[in-house]
Amino acid sequence: MATAAASRQLSASERLRRSIGNGRVSAVLILLPPALILFTLFVILPLGESGYYSFFSWNGYGAPSDFVGLENYQRIAGHSIFHKAIGNTIKIVVISLVIQMPLAMVMALLIYRKTPSNALFRLIFFLPYILAEVAAGLIWSFVFDGNYGVSSSIARSLGVESFFILADRDWAFVAVMTVIVWKYFGFHMMIYIAALQSVPEDLIEAGRIEGAKRLQIVRYVQLPHIKPAIIVSAFFAIIGALQVFDVIIPLTNGGPSNQTHTIVTYLYTYGLTRLNIGFGSAVGVILFIAAITVAVFYQRVFMKGDKP
């Protein structure tokens, strides 16, 4: 027993010596403290302050002193517009999973092979993702403008009355979701293209020799091999849907009649712009808890791999 313990101690000492020798410990000592300092300053402390401010009625000036306890959370729970924001966020999650990801998959299957024409198509479809969210929102707000936009020109050419889609309570959020799908499907497409290019060509050729058709090869050969990429893509889609903000503000600013708010635009409108920092902090805490819950649940259920 003593000999075994001594042997383990020596092996641990030997591993430490080797780590110091090859520079691993030095790299950790040099690189880890700056990262921890930045993470603490820009993530941990703001989160802690948000949780603290959420118990106050505070406009952001001076030190918070009007302690209200859970009143901000009670107001949020009873606010119909917050319920609408939650519903819209869930809709974006569903649209991202049901429309955006399948569209990205179809496009990836069509252009994943390395050819000059496919490279051009990849660039075209990926450009919306490179475009800044605010710029994309402004471009589409012009497209949907019923007075001077593209939709107005199309309506005049067809001889019908212009339609102000962004001012319509029933269609404004449809327009928002259309822009979101257009903006982000290229990101998921590139994930799938990278995964499809790693599928062994021998397996595809073997399937063809066995008489498998194109859809059968996709279903039984390619999709099983890129399952990890699909799981990661879905995770990005869900977390991204919880954070949608920059596209909606220039498009509708949450309107008309607060019909297109998401959780983040709700936080911005009712917290920051109205100088109700305590209320906005409470919304931020709820959003943080929701994001962490989704991330942990998703990792435990879908990203655990083959672990026993």
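These values consider heavy atoms only, across backbone and side chains, with no hydrogens, waters or symmetry-generated copies. What you see is a predicted model, and the numbers here were worked out from it, not measured in a lab.
Atoms CD1 and CD1, from Ile248 and Ile180 in turn, are 5.0 Å apart once rounded to the nearest 0.5 Å. With rounding to the nearest 0.5 Å, the separation of CD1 in Ile81 from CG in Asn88 is 11.5 Å. Distance check, rounded to the nearest 0.5 Å: CD of Gln243 to CG of Leu287 gives 7.5 Å. In this structure, OG on Ser281 lies 8.0 Å from OH on Tyr73, to the nearest 0.5 angstrom. Taking OH of Tyr270 as the reference point, atom OG1 of Thr265 lies at 9.5 Å (rounded to 0.5 Å). Interatomic distance, Ile191 CD1 to Phe236 CZ, rounded to the nearest 0.5 Å: 6.0 Å.
Although no hydrogens or angles enter the test, the distance criterion places no donor-acceptor pair under 3.5 Å between the side chain of His261 and the main chain of Ile86. Listed for the Lys91 side chain is no donor-acceptor partner under 3.5 Å among the backbone atoms of Val174. Checked by atom type and distance alone, the side chain of Asn59 pairs as donor or acceptor with a backbone atom of Tyr61 at under 3.5 Å. A donor-acceptor pair under 3.5 Å is absent between the side-chain atoms of Asn72 and the main chain of Ser57, judged by distance alone. Distance alone, capped at 3.5 Å, is enough to place a donor-acceptor pair between the Arg122 side chain and the Ile111 backbone.
The shortest non-hydrogen separation linking Ile165 to Ala175 is CD1-CB, 3.9 Å. Nearest heavy-atom pair, Pro46 versus Leu41, reported as atom, atom and distance to 0.1 Å: CD-O, 3.3 Å. Heavy-atom minimum distance, Ala295 versus Phe235: CA-CE1, 3.8 Å. Here the closest heavy-atom approach between residue Ile204 and residue Gln222 is recorded as CD1-NE2, 3.7 Å.
Atom OH of Tyr268 sits in a sparse spot, with 12 or fewer heavy atoms from other residues, nucleotides or ligands closer than 6.0 Å. Atom CD of Glu161 has 12 or fewer heavy atoms from other residues, nucleotides or ligands within 6.0 Å. Within a 6.0 Å sphere centred on CZ of Phe67, other residues, nucleotides and ligands contribute more than 12 heavy atoms.
Tyr129 has its ring centre less than 6.0 Å from the ring centre of Phe126.
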